[in-house]
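Each chain gets a letter, A, B and so on, in the order its sequence line appears, and its residues count up from 1.
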There are 4 protein chains.
Amino acid sequence: MTTEQTPPVPGPKPLRADARRNRARLLEVAEAVFAEQGTGASTEEVARRANVGIATVFRHFPTKEALLEAVLIRRLEQLAEEGRRLLAESGPTEALFALFDLIVEASPVKNAFAAALADAGVDVGAAAAEAGHALHAVLSELLSGAQRAGAVRKDLEVPELIAILVGTARMLEHLDGHPASAARARAVVRDGLRPPVAG
Amino acid sequence: MTTEQTPPVPGPKPLRADARRNRARLLEVAEAVFAEQGTGASTEEVARRANVGIATVFRHFPTKEALLEAVLIRRLEQLAEEGRRLLAESGPTEALFALFDLIVEASPVKNAFAAALADAGVDVGAAAAEAGHALHAVLSELLSGAQRAGAVRKDLEVPELIAILVGTARMLEHLDGHPASAARARAVVRDGLRPPVAG
Amino acid sequence: MTTEQTPPVPGPKPLRADARRNRARLLEVAEAVFAEQGTGASTEEVARRANVGIATVFRHFPTKEALLEAVLIRRLEQLAEEGRRLLAESGPTEALFALFDLIVEASPVKNAFAAALADAGVDVGAAAAEAGHALHAVLSELLSGAQRAGAVRKDLEVPELIAILVGTARMLEHLDGHPASAARARAVVRDGLRPPVAG
Amino acid sequence: MTTEQTPPVPGPKPLRADARRNRARLLEVAEAVFAEQGTGASTEEVARRANVGIATVFRHFPTKEALLEAVLIRRLEQLAEEGRRLLAESGPTEALFALFDLIVEASPVKNAFAAALADAGVDVGAAAAEAGHALHAVLSELLSGAQRAGAVRKDLEVPELIAILVGTARMLEHLDGHPASAARARAVVRDGLRPPVAG
DNA sequence: AATGAATGAGCGTTCATTCAT
DNA sequence: TATGAATGAACGCTCATTCAT
């Protein structure tokens, strides 16, 4: 059921081969650049590192904000995909915590970027919303599975789970280079997610 | 105890009365402006809102980064001060959690600012480090007190406590406008800070 | 008489049928686009509206200026043609004034375009000059006919007639939407063209 | 009555001496530059020729359009002023025709600029409208005086007079370098403005 | 021959910082 | 000393033109 039977919807044009390559490279480079330097990094820097002219960036993404959004979407999609994969491979509890680690441990710079993205008004457009919903759905499935298994407190819902993810990422970013502290900080969150002990 | 007995270290000049007033107002205004508009807000905007010329800002703070750092220092000092006050008024456990809430609930925009500050390379200079150490000292006292009282897990140290503060602030910022979710998210952190139940 | 007996001069290549169609469509579209949006309109816009690739435009017209010039030439040729037709149908006086109206009343935007064209350095190339000469010839015939008929002041020559046309077009463009004023403005020019009353 | 008793209205701040000089120079230079190269001339070019940094231009005129509008206003004001002066010195008929010549003979490039300004959407703001009204008032006085004196056709109103001015300027611009033709073209307009001969 | 992706110079505009008043 | 005008590097973005498919 995970194999997608993409029906032949025409869509917004079947990009030429080289253009597709450039677009993909741009997204990759942009993610790296924004992660390293924050969203204030110049579009020119992205172009330079992708070895394309500045106009090529703007051909693919009509504004800088569109580029940021595209990077965000890509990341959301990757995470949702990963979540689905993990769920297929193991039980929901393991999958949930594995995904949690994946998100939270992604090189801090990546999270810095994600955070900044959220910070900025980036009124996520329809596409980003859609990607967000997909991730939301996966998280929902993982969460309720883990709750049924008694591994996670029952009162938790997806919105705060996401917030906890974001916050934990931030937390660990702050402890980059101090693995012992990071481990303890993570234990705090992990234990807090457990169902509270009766009594 | 609040009256500071500034010892007669020569220091960086004994600022004239009006200049001191200007400096104070600038810091206040700057914090508000950066909170509202992010650290990208223009220095001119700060000057305008403080009713001083732009050059006056640069006389007091030679670069924009210096201004940002000064705001950060002020905030750190205020928090340390607050911590000391709370400790004087109640037991360490109550004081710790009260300070936690104070920091974490400060209007999200302020945290956005703090976060951005941390994000940016702002290699906190000596002064900021000093203010940080003061806060660190207070937190240390509060933490060990609360640990002795059995209210907080024993393995926690100050660095991760700070990181948890930052992360939680971020978390709650993400849940601004969703108080029920925010309450649950906070419960997660709070419970995670408790000593783990003996199994 | 309208069927052109193009003599077999080698000329600039005998364009394939579809290419000829493309070229014609491009000119038509370009005139419309430049009329609507001014000569600053982008070449891409022309291509888009003509349903051709941008490169096709540049294949037919090696620079944007060449395209503008081609549009101008087309317009000059049409006017000359129209003048010849009018002269064949009626006396020179009627024909002259009819052509005058035709030129001058062409939708203001078209004149805006023509004016802009003239404004810009567009050092009309040889082809444009040729088209200009053709129009010049027709106007000359009309003018001298009308002068012989006593309908137009004798001292007038073609160069100033053209200037008067351009100026009047500009004048009426300025009065677009104010028909009463436009009528009075035109009366001024019309009366000024008449032979001055003796006495 | 012409001596203005400017009351001490505070206005939008009493510009510093050097700033005033710069502002004036910028307007002068901008008029020249836009006249020579059209309104498409770059703001940088204006700055360069005025020997100021680009930011100085934008400090004085927050957008390029504002600069264009300021130049237009200045021109309108100069013309109105000139009209008033002429009227004070001689009868309305002489004054009207003198002003006519002044406007129409201004170096063609200036008219090219004025025309372009009008062409562009330049939705003249309030200030420009005001300046326009002032000129309108002067022209109205001149026109009705000349009409009463029997020197100009009675049916003419100010709007078309302005249009005729614009059109004539365009006309003469087109004949730059051909004085004989220009003289004849102007005679056409001049004669057309006269009251039509009875009979 | 036709396409459209890629290019880079150039534009309008902003902002931290310096300088003249 | 405080002011605010001046500065120029940098940014996001556009467009005529070229190149690979």
Side-chain angles (χ1 to χ4, degrees), chain A residues 13 15-23 26 40-48 50-67, chain B residues 15-16 18-19 22 40-48 51-68, chain C residues 15-16 18-19 22 40-48 51-68, chain D residues 13 15-23 26 40-48 50-67:
Chain A
K13 276 292 176 67
L15 237 39
R16 232 164 64 180
D18 57 346
R20 181 126 91 214
R21 250 198 316 281
N22 266 343
R23 202 193 127 94
L26 275 172
S42 85
T43 315
E44 289 242 22
E45 173 71 10
V46 174
R48 204 174 307 125
N51 278 319
V52 300
I54 180 64
T56 299
V57 181
F58 281 93
R59 164 175 281 272
H60 286 284
F61 310 96
T63 63
K64 186 188 181 179
E65 202 176 6
L67 174 57
Chain B
L15 241 38
R16 251 168 42 182
D18 60 342
N22 261 352
S42 82
T43 314
E44 287 247 19
E45 174 71 10
V46 174
R48 204 174 306 126
N51 277 320
V52 300
I54 177 72
T56 300
V57 180
F58 277 91
R59 171 170 295 278
H60 284 286
F61 309 97
T63 64
K64 187 187 183 180
E65 202 175 7
L67 174 57
L68 286 169
Chain C
L15 241 38
R16 251 168 42 181
D18 59 343
N22 262 350
S42 82
T43 314
E44 289 247 18
E45 174 71 11
V46 173
R48 204 174 307 126
N51 278 318
V52 301
I54 178 70
T56 300
V57 180
F58 278 89
R59 169 170 296 278
H60 284 285
F61 309 97
T63 65
K64 187 187 184 179
E65 202 174 8
L67 174 57
L68 286 169
Chain D
K13 277 293 175 68
L15 236 38
R16 231 164 65 180
D18 57 345
R20 182 127 89 216
R21 251 199 316 283
N22 266 343
R23 201 192 128 92
L26 276 172
S42 85
T43 314
E44 290 243 21
E45 173 70 12
V46 173
R48 203 174 308 125
N51 278 318
V52 300
I54 180 66
T56 298
V57 181
F58 280 92
R59 164 175 280 274
H60 286 283
F61 309 97
T63 63
K64 187 187 182 179
E65 203 175 7
L67 174 57

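The minimum heavy-atom distance linking Arg23(D) with Phe61(D) is given by the pair NH1-CE2, 3.4 Å. Of all heavy-atom pairs between Asn22(C) and Thr56(C), the closest is ND2-CG2, 4.1 Å.
For Ser42(A), the side-chain atoms get nearest to dC11(F) when compared with the rest of dT18(F), dC11(F), dT14(E). Closest to the side chain of Arg59(B), from the set dT1(F), dT14(F), dA5(E), is dT1(F). Comparing dG12(F), dA16(E), dA16(F) by their closest approach to the side chain of Phe58(C) singles out dA16(F). For Thr63(B), taking side-chain heavy atoms from C-beta onward, the closest of the listed nucleotides dG12(E), dA16(F), dT17(E) is dT17(E). In the set dG12(F), dA6(F), dC15(F), the nucleotide with an atom closest to the side chain of His60(D) is dA6(F). Closest contact between the side chain of Asp18(D) and the listed nucleotides dA16(F), dT13(E), dA5(F) involves dA5(F).
Note on Ala41(B): only backbone sugar-phosphate atoms sit closer than 4.0 angstrom, heavy atoms only; bases stay farther off.
Spacing between atom CZ of Arg48(D) and atom P of dG10(E) amounts to 10 Å, rounded to whole angstrom units. Put simply, CD1 on Ile54(D) is 8 Å from P on dG12(E), counting in whole angstrom units. dT13(E) atom P lies 17 Å from atom CD of Glu45(D), rounded to whole Å.
Rounding to the nearest 0.5 angstrom, the gap separating the CG atom in Leu26(D) from the CZ atom in Arg21(D) is 12.5 Å.
When each of Gly53(C) and Ala55(A) is assigned the nucleotide of DNA chain E bearing its nearest heavy atom, the one mapping closer to the 5' terminus is Gly53(C). Annotation: of the two residues near DNA chain E, Asn51(A) and Val52(C), the 5′-most nearest-nucleotide partner is Val52(C).
At dC15(E), none of the side-chain N or O atoms of Thr43(B) fall inside 4.0 Å of OP1 or OP2 (strictly under the cut-off). Put simply, Thr56(D) has no side-chain N or O that comes within less than 4.0 Å of OP1 or OP2 on dA5(F).
With a cut-off of 3.5 Å on both pairing distances, the Watson-Crick or G-U wobble partner of dA20(F) is dT3(E).
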